[in-house]
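Each remark here refers to the structure printed beneath this line.
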Amino acid sequence: MDINKIPKIKHTDSGNFFLMAGPCAIEGEEMALRIAERVVEITNKLQIPYIFKGSYRKANRSRIDSFSGIGDEKALKILRKVSETFDIPTVTDIHAAEEAAMAAEYVDVLQVPAFLCRQTDLLVAAANTGKVVNIKKGQFLSPESMVFAVNKVRDSHNSQVILTDRGTMFGYQDMIVDYRGIPAMKQFEVPVVLDITHSLQQPNQSSGVTGGKPALIETIARAGIAVGADGLFIETHFDPANAKSDGANMLHLDLLEGLMGRLVEIRKVVNGF
């Protein structure tokens with residue numbers, strides 16, 4: 001998979017990692033455009049290939065009363081507006097096979113959530129749209145076993161696959177990142193992304209609201225670049241404390257430029273070896 005095949009993606013000759021970043025969920029048009037505008041400014045300045053991320057629906061919330069979305073079509077139209085306004089590609093999650101074709105009309109990359117990465121009908125439906133398919137590694141799977149998810153997409157006549165590691169379950173309420181997984185999955189000849197913010201989640205809290213350790217975002221990101229991650233996935237928001245989904249592990253938007261600048265410098269060192 002060559003990321004140059006992703007429509008509208010820029011700066012691919014810079015030697016930098018690529019970035020998938022945006023809010024956890026699309027809460028409205030103004031917030032999505034505000035976040036996208038700032039990230040576009042940063043990535044253009046630093047020559048980082050950028051894909052805007054936003055979930056049009058959150059289907060795996062801990063509690064039934066948690067925010068799940070503003071409406072599928074409304075949120076998907078906002079993703080399309082972000083793409084058209086800033087001339088950038090977009091990525092969103094799909095949760096069932098019947099969602100694939102619908103979402104593919106609005107975005108450039110379809111993302112299969114970690115909990116669903118073994119769902120054959122979902123992977124095949126995503127592949128059949130002809131879009132790039134980003135598969136998140138299940139928290140319960142080894143990196144090596146992700147070859148079967150990749151092959152389900154490839155066997156459906158779509159070679160445009162990305163894999164994203166988002167940490168592995170450690171006990172009941174914590175995640176760890178096994179950095180051996182990045183080179184292991186790169187052996188499948190696909191770009192490998194490290195999801196920084198979800199790797200710092202603390203799921204299944206007694207309150208029914210997922211926790212997180214955002215203070216360690218830079219630690220995880222630095223290590224990911226050092227071991228050769230092709231891309232990074234970061235959820236960011238200008239007001240994480242009041243975000244409607246996953247605010248506990250999101251990066252404040254004001255901190256993104258400094259972090260990206262430091263990671264670009266690390267990438268230059270890695271490229272020198």
Side-chain angles (χ1 to χ4, degrees), residues 1 20 22-26 51 53-64 66-69 72 75-76 79 90-170 172 175 177-178 181 184-185 188 190-204 208 210 231 233 235 245-246 249:
M1 163 68 195
M20 295 183 181
C24 178
I26 299 297
I51 304 164
K53 182 270 167 185
S55 296
Y56 73 91
R57 189 201 315 166
K58 300 300 295 183
N60 61 342
R61 304 310 307 278
S62 297
R63 300 187 334 201
I64 197 168
S66 296
F67 173 81
S68 61
D72 293 355
L76 286 167
L79 283 162
T90 55
V91 55
T92 199
D93 313 80
I94 56 172
H95 314 89
E98 57 268 23
E99 295 179 29
M102 173 185 69
E105 294 182 15
Y106 296 90
V107 301
D108 305 288
V109 181
L110 297 178
Q111 182 166 281
V112 175
F115 285 128
L116 302 176
C117 69
R118 286 177 56 100
Q119 297 298 106
T120 301
D121 57 347
L122 179 59
L123 290 164
V124 171
N128 287 341
T129 66
K131 298 287 185 174
V132 175
V133 181
N134 179 36
I135 312 171
K136 287 199 166 184
K137 183 187 83 64
Q139 303 93 319
F140 45 87
L141 291 175
S142 70
E144 291 79 8
S145 66
M146 288 302 293
V147 69
F148 302 111
V150 171
N151 286 341
K152 287 177 183 179
V153 176
R154 287 175 170 165
D155 290 346
S156 302
H157 311 292
N158 186 338
S159 61
Q160 300 182 101
V161 187
I162 298 170
L163 287 179
T164 295
D165 194 342
R166 49 111 346 123
T168 301
M169 288 303 299
F170 184 70
Y172 290 107
M175 308 289 294
V177 177
D178 181 354
M185 292 191 291
F188 309 149
V190 298
V192 175
V193 175
L194 180 58
D195 180 342
I196 307 302
T197 45
H198 287 100
S199 294
L200 292 166
Q201 276 188 334
Q202 293 179 300
N204 306 319
T210 296
F233 181 108
E235 289 187 341
S245 177
D246 278 4
N249 53 272

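If you read the sequence from its start, that first residue is 1, and numbering goes on from there. Small disclaimer: the values here were computed from a predicted structure and weren't measured.
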Distance (rounded to the nearest 0.5 Å) between M20 CE and E235 CD: 12.5 Å
Backbone N/O of T90 and side chain of D108: donor-acceptor pair under 3.5 Å: yes
Candidate pair D72 and E99, rule side chain to side chain contact (heavy atoms under 4.5 Å, CB included), full reasoning: CA-CA 10 Å; D72 293 355; E99 295 179 29; 5.9 Å; no
Residue list, salt bridge (Lys or Arg N to Asp or Glu O under 4.0 Å) with D195, at least two apart or on another chain: K136
From CA spacing to verdict: side chain to side chain contact (heavy atoms under 4.5 Å, CB included), L194, I196: CA-CA 6 Å; L194 180 58; I196 307 302; 3.7 Å; yes
Reported CD-to-CD1 distance for the pair Q119 and I135, which is rounded to 0.5 angstrom: 12.5 Å
Inter-residue atom distance Q139.CD - S199.OG, 0.5 Å rounding: 9.5 Å
Beyond-backbone contact of F233 with R166, side-chain heavy atoms, under 4.5 angstrom: no
Whether F140 and F115 hold their rings parallel, tilted or perpendicular, with breakpoints at 30° and 60°: parallel
Qualifying residue, where the test is side chain to side chain donor-acceptor pair (under 3.5 Å) with N134 and the options are T92, T164, D93: T164
For M185, the option from D165, I162, V193 that meets side chain to side chain contact (heavy atoms under 4.5 Å, CB included): D165
Within-4.5 Å side-chain heavy-atom neighbours: K137 and T168: yes
Interatomic distance, M102 atom CE to L76 atom CG [nearest 0.5 angstrom]: 5.5 Å
Show me the side-chain donor-acceptor pairs of residues 124-132 shorter than 3.5 Å, one per line, residues at least two apart or across chains.
from : atom 1 : to   : atom 2 : distance (Å)
N128 : ND2    : V124 : O      : 3.3
T129 : OG1    : A126 : O      : 2.7
T129 : OG1    : K131 : N      : 3.2
K131 : NZ     : A104 : O      : 3.3
K131 : NZ     : V107 : O      : 3.0

Distance (rounded to the nearest 0.5 Å) between F148 CZ and L123 CG: 13.5 Å
Heavy-atom pair of closest approach, residues L122 and A97: CD1-N, 3.9 Å
Pairwise salt bridge (charged side-chain N to carboxylate O under 4.0 Å, His left out) hits with a residue in residues 140-159, at least two apart: none
